[in-house]
Amino acid sequence: MSDLTKAPKTPSHKADEENQKSNLEAMLGARHLAHETPSEILIDAAAESQYAEELAGKIASMRQNFILNQRLSKPHIPKTPNTADTPIEFLYDKFTLFEKVLFGKVHIPDDWRKQELNNLKRSLLESKTDILNYFEEVYGRSHETSIANDFNVIIDELDYTIANMNSWVQEKHDAPLTFKNASVYSLREPYGIVLIIGSWQNPLISLLKPTISAIASGNYPVLYPTPRVGKLTQILTAAFKKHLDPKKHSVIETEIGVEELLKQKFNFVYCSAELEYCKKVARLAGDRYIPFATDVTGVNIAIIDETVDLNSVIPQLVYAKFTNAGQTPFAPDVVYVSEHIYQDFIFKLRIWLNSAYGENPFKSKDFSRIFDDNQFKLLKTLLNEQSGGLWESTKLIDETNRLIGPAIISNAKKESKLRTSIIRGPIMPVVAFSSLEDINNVEYERKNEINNIYYFTSKPERGTNIIGLYKNSNVYLNDAATQYHNLFLATGSNGDYSYYKLNGQHGFKTFSYARTVQETGDLLLTKKLLPPISNEKYNQIKMLKLLEKVKVRHVKLGLLGAGVFVAYKELFKKKHA
């Protein structure tokens, strides 16, 4: 139990305190050996405790403001005391109140949501230089590259959402003719306070794309960037403070354990971090009955058969694999090439890489450094493995600047880590195949782990076979890694630990739930179903059942068309009378 809890102590609480005490004593002993004084440790613990209390107060305050912003049908909301000095157990009482009044809310107006999205856009544009400088500092790439692959993706999402969000709030549904002139529709409603956990891969997009969807849906987002992104957290915090309403959002700037984080009363959790972290979030959210969505990066594979034009395929693969030095969720981890064009593919791939990044990629402002030391060590370990593959490119590694040149490794062993790992780096294992059965024999075993399949062929029936075989995978025929640039496409991972999608309306639906409204006139079927049901009534019910397949909308359109026809016919008669 948290140190902040002021509830009466129980035997289990006392046992927890004893465990904490023994752990603290062990930690004191360990740090004493490292020449740290106990006072320093107590200061650290006090700082962590104070930050947790501030976070709880901030979230509770946001919840109260969220309730007030929904224009609830309840005439009176009891006033609650200031949460800054409120014990954590009082949050549970406030949350109970929140749950009670939440069911009484009516449809949310979109004014403040559009205003917040416009303010977010304005804040990002004013912080554009800081964001681009961050990417240059971390990745060593040009501002133009960061604008094209990161910044503009967010601005495009904002513009598209602001322009279309009104049409997403209400979704009309059909009703059978037996419902007469019925009107059926669903309204999308916000969850409340949502936690968004970002990833080090595409750190800006992994945080801001879900944030845009969360605000558009009417939620209050709490952002938790992974500590690995460092300075970007401070940049986003400063950007948000410029024009956004501080009562409607929060950015967690200090590293905090996932258990402590999920103790706060969130209404929805979205996580796009590493697999093990997402699994932990999903377990904790499930234990607390908090709706959650995870976007876990899976394996991506590319398949190139002998029917394609390599001069049109290879540029797409170079973009997909070596954008941001392969440190993106959509980069292919292994490329299968038909044995009939294999040598030609390797030769032309070298030419296109030289055209894109020059003879020395380290001098190119479009080629990125590895994100951090941890990722560099991981990639170096993969390269040093005895995989049985052949290097088909110049071996370039610069440890000082965290640079690894494009590494093309052909025909690595099936069991090697190069073939089985999720590679987030500029390493491209290339494997020759004779038929699709060769690929299926290897990849079908991990079909639930495959996120994206990029299949290049001039024979559509082969693509249909792949679509039918890999049910959990997104399939892109003759295309690769353009997901973020298609705002109409549902993007996101699939598989055992991934749920929900982003992009435009799909993200809007992820961060909202639907409630149904049905406005019905005289329902013919209900009258017939009232007892007693005679044989005559039963025959009438059977006749009415036939009408259930006819939609009211179609009848209305038919009547409208008939009316237009009659009106035109009358006009024609008058004109020629």
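Everything numeric in this text was worked out from a predicted model, so none of it was measured.
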Please check if any side-chain donor atom of Asp366 sits under 3.5 Å from a side-chain acceptor atom of Thr145, or the reverse. yes
Quick one: list whatever passes side-chain contact (heavy atoms from CB on, under 4.5 Å) with Glu259, sequence neighbours left out. Lys280, Leu284
Considering non-hydrogen atoms only, spot the tightest contact between Thr294 and Ala282 and give its length. CG2-CB, 4.5 Å
List for me each residue that meets ring pair (Phe, Tyr, Trp, His ring centres under 6.0 Å) alongside Phe322, sequence neighbours excluded, and say none if there are none. none
Those residues at least two apart in sequence (or on a different chain) that pass ring pair (Phe, Tyr, Trp, His ring centres under 6.0 Å) with Trp200 are Phe371
With a 3.5 Å cut-off and no angle check, do the side chains of His249 and Glu116 form a donor-acceptor pair? no
Those residues at least two apart in sequence (or on a different chain) that pass ring pair (Phe, Tyr, Trp, His ring centres under 6.0 Å) with Phe376 are none
Asp130/Lys231 salt bridge by N-O under 4.0 Å criterion: no
Lys/Arg-Asp/Glu bridge criterion (N-O < 4.0 Å) met for Glu274, Arg424: no
Residue set satisfying side-chain contact (heavy atoms from CB on, under 4.5 Å) with Asp287, at least two apart, ordered chain then number -> Arg283
Asp295 and Lys209 ion-paired at < 4.0 Å: no
Assess the side chains of Arg350 and Ser393: does a donor N or O sit below 3.5 Å from an acceptor N or O? no
By ring pair (Phe, Tyr, Trp, His ring centres under 6.0 Å), Phe330 pairs with (sequence neighbours left out) Tyr484
So if I apply the ring-ring contact (aromatic ring centres under 6.0 Å, His included) rule between Tyr191 and each of Phe266, Phe511, Phe268, Phe292, which one comes out positive? Phe268
